[in-house]
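Remarks on the structure that follows.
Here, residue 1 is the first one in the sequence, and each next residue gets the next number. First listed ligand is number 1; within each ligand, the first listed atom is number 1.
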Amino acid sequence: MSAAPVITVDGPSGAGKGTVSHLLAAELGWHFLDSGALYRVTGQACLIEGVSWEDEARVAEIARGLDVSFSAAENGEVLVAYKGKDVSAAIRTEEGGRGASTVAAIPAVRRALLARQRDFRRLPGLVADGRDMGTVVFPDAPLKFFLTASAAERAERRYKQLILKGESVSLPRLLEDIKERDARDSSRAVAPLVPAEDAVVIDSTGADIEQVFAQVMKEVTLKGII
Ligand SMILES: Nc1ncnc2c1ncn2[C@@H]1O[C@H](COP(=O)(O)OP(=O)(O)O)[C@@H](O)[C@H]1O
Ligand SMILES: Nc1ccn([C@@H]2O[C@H](COP(=O)(O)OP(=O)(O)O)[C@@H](O)[C@H]2O)c(=O)n1
């Protein structure tokens with residue numbers, strides 16, 4: 001039997017990857033991989049276990065043995081647990097994002113999480129959201145997207161999202177954070193954030209979710225996936 005098909009959705013923070021990937025997985029009835037959540041849980045596990053994000057050997061050890069589980073809440077939201085304890089809210093904070101991008105720069109951490117990500121590939125198909133889904137984890141995916149938008153617009157989207165969750169955040173600080181994270185993700189030696197050569201690049205600056213999703217569905221149809 002041939003491997004299940006994969007559609008990859010990569011791009012920087014706040015580009016709309018999670019939103020578009022969820023919509024696409026629901027539309028196709030496919031599985032969904034939130035690879036960022038694995039890096040976020042690794043960062044969170046370090047905080048819980050008292051391991052510094054900079055201690056590469058110990059962080060890699062945590063990633064190798066990561067006791068993480070995903071389940072669906074009654075309201076349809078995805079619950080993420082570490083050692084059986086709900087960490088869904090903690091991993092989505094600004095600090096959670098910083099931790100994730102710090103531990104994600106450690107090559108041994110990326111190696112440790114590779115097989116775990118590939119295990120999500122199951123029939124009828126997988127939508128995979130991340131930074132290196134199309135370049136490293138699923139290079140043979142038949143359809144790859146790279147979503148992007150200006151840093152200012154992505155910071156504003158993130159600002160609204162965190163304010164709605166009741167976090168007190170400042171827009172200038174978020175913009176700095178996004179630029180810092182872009183630089184760290186793009187310049188790291190292993191699996192840097194770059195579009196795959198065969199990716200469809202969509203810049204959503206000034207476009208709303210419906211417009212972006214329509215563009216994505218057009219490509220899905222062109223590829224004959226539906
Ligand atoms: N094209 C868009 N226009 C406006 N807001 C968007 C768009 N795409 C996503 N958003 C909003 O921006 C925020 C970040 O989107 P998200 O999908 O979490 O991005 P990513 O997964 O790339 O970090 C969410 O609140 C989402 O509703
Ligand atoms: N495939 C992936 C996914 C996330 N990451 C890292 O994990 C961090 C958090 O990822 P995310 O997708 O949850 O974050 P957002 O794009 O939603 O801000 C990113 O800043 C990346 O540094 C990665 O390196 N590779």
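- Remark: the R181 side chain and the S13 side chain contain an N/O donor-acceptor pair separated by less than 3.5 Å.
- Judged purely by atom type and a 3.5 angstrom limit, S186 has no side-chain atom pairing as donor or acceptor with the backbone of A183.
- Side-chain rings of F32 and H22 approach one another, their centers coming within less than 6.0 Å.
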Can you give me every donor-acceptor pair (side chain of residues 138-153, partner residue at least two apart or in another chain, under 3.5 Å) with its distance?
{"from": "D140", "atom 1": "OD1", "to": "R121", "atom 2": "NH1", "distance (Å)": "3.2"}
{"from": "D140", "atom 1": "OD2", "to": "R121", "atom 2": "NH1", "distance (Å)": "3.3"}
{"from": "D140", "atom 1": "OD2", "to": "R121", "atom 2": "NH2", "distance (Å)": "3.3"}
{"from": "K144", "atom 1": "NZ", "to": "G134", "atom 2": "O", "distance (Å)": "2.9"}
{"from": "K144", "atom 1": "NZ", "to": "P139", "atom 2": "O", "distance (Å)": "2.7"}
{"from": "K144", "atom 1": "NZ", "to": "D198", "atom 2": "OD1", "distance (Å)": "3.2"}
{"from": "K144", "atom 1": "NZ", "to": "D198", "atom 2": "OD2", "distance (Å)": "3.4"}
{"from": "S150", "atom 1": "OG", "to": "E153", "atom 2": "N", "distance (Å)": "3.1"}
{"from": "E153", "atom 1": "OE1", "to": "G206", "atom 2": "N", "distance (Å)": "3.1"}
{"from": "E153", "atom 1": "OE2", "to": "R157", "atom 2": "NH2", "distance (Å)": "3.0"}
{"from": "E153", "atom 1": "OE2", "to": "G206", "atom 2": "N", "distance (Å)": "3.2"}

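- Checked for salt-bridge contact, D10 and R131 miss the test: no charged N lies under 4.0 Å from a carboxylate O.
- Contact residues for ligand 1 (protein heavy atom closer than 4.0 angstrom to any ligand atom): P12, S13, G14, A15, G16, K17, G18, T19, R157, R158, Q161, A207, D208, I209, V212.
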Per-pair distances, ligand 2 N/O vs protein N/O, less than 3.5 Å:
{"from": "ligand 2", "atom 1": "1 (N)", "to": "S35", "atom 2": "OG", "distance (Å)": "3.0"}
{"from": "ligand 2", "atom 1": "1 (N)", "to": "R131", "atom 2": "N", "distance (Å)": "3.2"}
{"from": "ligand 2", "atom 1": "1 (N)", "to": "D132", "atom 2": "OD1", "distance (Å)": "2.9"}
{"from": "ligand 2", "atom 1": "12 (O)", "to": "R131", "atom 2": "NH1", "distance (Å)": "3.3"}
{"from": "ligand 2", "atom 1": "13 (O)", "to": "R40", "atom 2": "NE", "distance (Å)": "2.6"}
{"from": "ligand 2", "atom 1": "13 (O)", "to": "R40", "atom 2": "NH2", "distance (Å)": "3.4"}
{"from": "ligand 2", "atom 1": "14 (O)", "to": "R40", "atom 2": "NH2", "distance (Å)": "3.0"}
{"from": "ligand 2", "atom 1": "16 (O)", "to": "K17", "atom 2": "NZ", "distance (Å)": "2.9"}
{"from": "ligand 2", "atom 1": "16 (O)", "to": "R131", "atom 2": "NH1", "distance (Å)": "3.3"}
{"from": "ligand 2", "atom 1": "16 (O)", "to": "R131", "atom 2": "NH2", "distance (Å)": "2.9"}
{"from": "ligand 2", "atom 1": "17 (O)", "to": "R158", "atom 2": "NH2", "distance (Å)": "3.0"}
{"from": "ligand 2", "atom 1": "18 (O)", "to": "S13", "atom 2": "OG", "distance (Å)": "2.5"}
{"from": "ligand 2", "atom 1": "18 (O)", "to": "R40", "atom 2": "NH2", "distance (Å)": "3.4"}
{"from": "ligand 2", "atom 1": "18 (O)", "to": "R158", "atom 2": "NH2", "distance (Å)": "2.8"}
{"from": "ligand 2", "atom 1": "18 (O)", "to": "R181", "atom 2": "NH1", "distance (Å)": "3.4"}
{"from": "ligand 2", "atom 1": "18 (O)", "to": "R181", "atom 2": "NH2", "distance (Å)": "3.2"}
{"from": "ligand 2", "atom 1": "20 (O)", "to": "R131", "atom 2": "NH2", "distance (Å)": "3.3"}
{"from": "ligand 2", "atom 1": "20 (O)", "to": "R181", "atom 2": "NH1", "distance (Å)": "2.7"}
{"from": "ligand 2", "atom 1": "20 (O)", "to": "D185", "atom 2": "OD2", "distance (Å)": "3.1"}
{"from": "ligand 2", "atom 1": "22 (O)", "to": "D185", "atom 2": "OD1", "distance (Å)": "2.6"}
{"from": "ligand 2", "atom 1": "22 (O)", "to": "D185", "atom 2": "OD2", "distance (Å)": "3.4"}
{"from": "ligand 2", "atom 1": "24 (O)", "to": "R110", "atom 2": "NH1", "distance (Å)": "2.8"}
{"from": "ligand 2", "atom 1": "24 (O)", "to": "R110", "atom 2": "NH2", "distance (Å)": "3.4"}
{"from": "ligand 2", "atom 1": "24 (O)", "to": "R188", "atom 2": "NH1", "distance (Å)": "2.9"}
{"from": "ligand 2", "atom 1": "24 (O)", "to": "R188", "atom 2": "NH2", "distance (Å)": "3.0"}
{"from": "ligand 2", "atom 1": "25 (N)", "to": "R110", "atom 2": "NH2", "distance (Å)": "3.0"}

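- Side-chain N/O atoms of Q44 and Y39 include no donor and acceptor closer than 3.5 Å.
- Within the 3.5 Å criterion, the main-chain N or O of T135 finds no donor-acceptor partner in the side chain of D132.
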Distance-only check: which donor-acceptor pairs under 3.5 Å involve side-chain atoms of residues 172-180, not counting sequence neighbours?
none

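- In the hydrophobic clustering of ILVMFWY residues, with side-chain heavy atoms under 4.5 Å counting as a link, L66 and L79 come out apart.
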